[in-house]
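These values consider heavy atoms only, across backbone and side chains, with no hydrogens, waters or symmetry-generated copies. Each chain gets a letter, A, B and so on, in the order its sequence line appears, and its residues count up from 1.
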Amino acid sequence: MALRVYNTLSGEKESFVPLVPGKAGMYVCGVTVYDYCHIGHARANIVFDVIYRYLKYAGFEVTYVRNYTDIDDKIIKRANQEGTDYRTIADRYIRAFDEDMDRLGLAKPTVEPKATDHIGGIVAIIETLVAKGHAYASDGDVYFAVETYPEYLKLSGRNLEEMQAGARVEIGEKKRNPMDFALWKGSKPGEPWWASPWGNGRPGWHIECSAMSMEFLGKSFDFHGGGKDLIFPHHENEIAQSEAANGCRFVRYWLHNGFVNINAEKMSKSLGNFFTIREVLQKFDPETLRFFILSAHYRSPIDFSDQSMDEAQTGLGRIYSCLAAIDEALDGASAPNDDEPTLFPLASAGHELDEKERMFISRFCEAMDDDFNSAQALGLLFETVRLVNRFLAENKVLDDVALRLLSRVRGRFKETGGVLGLFNSSPAAWLDAIKSAKAGRADISQDEIERLISLRSEARLAKNFKRGDEIRDLLLEKGIQLLDSAEGTIWKVK
RNA sequence: GGCGGCGUAGCCAAGUGGUAAGGCAGAGGUCUGCAAAACCUUUAUUCAGCGGUUCAAAUCCGCUCGCCGCCUCCA
């Protein structure tokens, strides 16, 4: 049982061999804080959150670094629009990001550095690059000379000559080669600046990640992640800077998540077809969004829509309902959480469930070890749900052996839920919350519903089923579904 | 144009050489005054198409068609 990960650099799944046995260093490109995050950001962060959690679960001592890019053209532009300074904008959206990630239930990374706290490290790397002849100052700016680094473009598999020939790359007069990129930008009047050997200015976009990863993870480390759109130019440039400066391999495994699409098109700021995390969370609960994201492999594109979110909610609800049923069965009974495998003397579902429970963790790990295949792991969860339901249906009376088995199954869900970031709520509470959220959107008051239900109950008691059914149909038109049971009638929003 | 990826049931989606997980929807059943809900059962001889390699291919190779992404800031 060994972890295998798809490495963008090789284009293949490789066995994960940590740089330092038992440890794992991971750097993930965070956001540029100039606006609210959209669900594309949610995906990236959830995906790497699960990778982080799984690495820890698998026994690695993980150092997870996720940065804030808090100085950048867009932040400055926004600050100018609002007539404020870049710091105000950056701090506002850092806070917004933290709130969003908190609501999405993300584990805190080991460190969350800000680019502006690492100007010293940035300048030091640039100085090294200049001294080694990999970079040159030009009129207040400093550029990386791509021709001095022969392995440039090894991550994206592009060809330097062809890219230079591309008409879309404009030749800036300050650059020697059109493909050269800025390490340091001289500040224009009114822009924030830091002092440097090349005059007042600010860092280019790519260099900060090199500086911060080096600071917290060293010159060489295990994982570097981000969205697929960062492969070129961002990660390509990080490799060039870091390897040229340090003379050693920068990152061992490059991980890139796929996009969130809307109608099969990439969702992005530039296309304007995006939903912010906040918008989506007004309509769906955070675990539903997480569940939806984890239901596909992290490298595949996923299509976001209300329908797929509804389906995700139904699916997650199925698991929660099962967990609620287990809770109910276990309620009152003080079943010992016994990890001893038991020979199960009950009906067939008991044997199957017992078998499933014993294989559960190894199958979960098998899925996650295969390039973090969360979709497959979710499949295992559903298979188990079905067996639990069957088991419960077959065994109305649960003896000690049965309760112990259910208790162990519940433990497995909690354990793997901890890795996937799911099942943080008590099942009953989650189910209730979904119900009231839906009820809040129905165009009929809860009092009115209750009143109609009691009218119907009276009619039914008098065997006036016609009248009872009329009321039921009336409520159904309003989207209210009635559920009759021996204990009485309850309702839910359809 | 260059590079990369994708095409699996009505929809979503796992599966990278050994005979198609799972979810949603649908159908049948249990339950019910009848329903609903819930639960159970069931749903692809077949993986875009055509060739090839192999004892064996959704999985490897080639070609064709279709879709998408990156090449400019972007998770």
Side-chain angles (χ1 to χ4, degrees), chain A residues 8 11-13 28-32 34-35 37-48 72-74 77 153 156-159 161-163 165-170 205 225-234 236 256-261 264-271 274 291-292 295-297 299-303 305 307-308 310-316 318-319 321-322 325 349 363 367 370 373-386 388-390 392-394 460 463-466 468-469 472-473 475-476 480-486 489-492 494:
Chain A
T8 307
E12 286 171 357
K13 280 187 199 169
V28 173
C29 289
V31 287
T32 300
Y34 73 102
D35 206 347
C37 288
H38 55 61
I39 48 179
H41 298 112
R43 183 182 194 189
N45 282 286
I46 286 170
V47 159
F48 288 106
D72 166 88
D73 288 348
K74 286 180 181 165
K77 188 180 165 199
L153 302 181
S156 53
R158 293 163 206 277
N159 178 295
E161 282 74 35
E162 281 168 7
M163 292 198 67
R168 294 171 78 177
V169 181
E170 279 178 36
W205 173 38
K228 274 191 156 88
D229 46 359
L230 294 182
I231 294 172
F232 183 88
H234 187 52
E236 202 71 77
H256 293 98
N257 66 276
F259 299 125
V260 176
N261 291 163
E265 254 193 346
K266 178 186 171 181
M267 183 181 72
S268 72
K269 283 282 168 79
S270 32
L271 288 171
F274 62 90
F291 184 88
F292 165 68
S295 68
H297 187 94
R299 283 189 283 115
S300 311
I302 45 172
D303 221 82
S305 67
Q307 191 196 330
S308 47
D310 282 335
E311 284 177 9
Q313 190 167 71
T314 306
L316 181 58
R318 183 173 154 84
I319 299 178
S321 298
C322 174
R363 284 195 56 201
D370 184 14
N373 196 334
S374 56
Q376 197 171 66
L378 256 26
L380 170 67
L381 261 39
F382 280 112
E383 285 173 26
T384 309
V385 164
R386 193 173 62 227
V388 169
N389 288 336
R390 219 171 84 198
L392 255 19
E394 280 182 17
R460 290 179 72 216
K463 300 275 183 226
N464 185 353
F465 293 120
K466 186 164 172 291
D469 290 352
R472 184 172 66 195
D473 291 344
L475 282 166
L476 193 59
I480 305 300
Q481 205 151 54
L482 298 188
L483 291 74
D484 294 330
S485 74
T489 301
I490 57 169
W491 57 275
K492 66 178 266 184
K494 202 177 179 185

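By the side-chain hydrogen bond (donor to acceptor under 3.5 Å, both in side chains) test, A:Ser295 is found to be paired with no residue, residues two or more places apart in sequence or in another chain being considered. Annotation: side-chain hydrogen bond (donor to acceptor under 3.5 Å, both in side chains) contacts of A:Glu383 (sequence neighbours excluded): A:Lys356, A:Arg363. Residues forming a side-chain hydrogen bond (donor to acceptor under 3.5 Å, both in side chains) with A:Ser308 (at least two apart in sequence, or on another chain): A:Ser305. The salt bridge (Lys or Arg N to Asp or Glu O under 4.0 Å) search around A:Lys13 returns A:Asp370, not counting sequence neighbours.
Proximity note for A:Lys74 (side chain, C-beta onward) versus B:A75, B:C40, B:C73: the nearest is B:C73. Looking at the side chain of A:His41, the nearest of the listed nucleotides B:C39, B:C70, B:A75 is B:A75. For A:Arg158, counting side-chain heavy atoms from C-beta on, the closest listed nucleotide (B:G69, B:C40, B:G2) is B:G2. Of the listed nucleotides (B:C70, B:A14, B:C73), B:A14 has the atom at the smallest distance from the side chain of A:Ala296.
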Annotated protein contacts, base or backbone, on nucleotides 21-33 of chain B with a non-hydrogen cut-off under 4.0 Å, one of B, S, - each: BSBS--------B
Polar atom pairs (N or O), protein with nucleotides 4-6 of chain B, under 3.5 Å:
none

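One atom, NE2 of A:His234, and another, P of B:C71, lie 14 Å apart when rounded to the nearest Å. Per the geometry, NZ belonging to A:Lys492 stands 6 Å off C1' belonging to B:A37, to the nearest Å.
Rounding to the nearest 0.5 angstrom, the gap separating the NZ atom in A:Lys492 from the CG atom in A:Leu482 is 12.0 Å.
Distance alone, capped at 3.5 Å, places no donor-acceptor pair between the A:Lys266 side chain and the A:Pro301 backbone.
At B:C11, none of the side-chain N or O atoms of A:Ser305 fall inside 4.0 Å of OP1 or OP2 (strictly under the cut-off).
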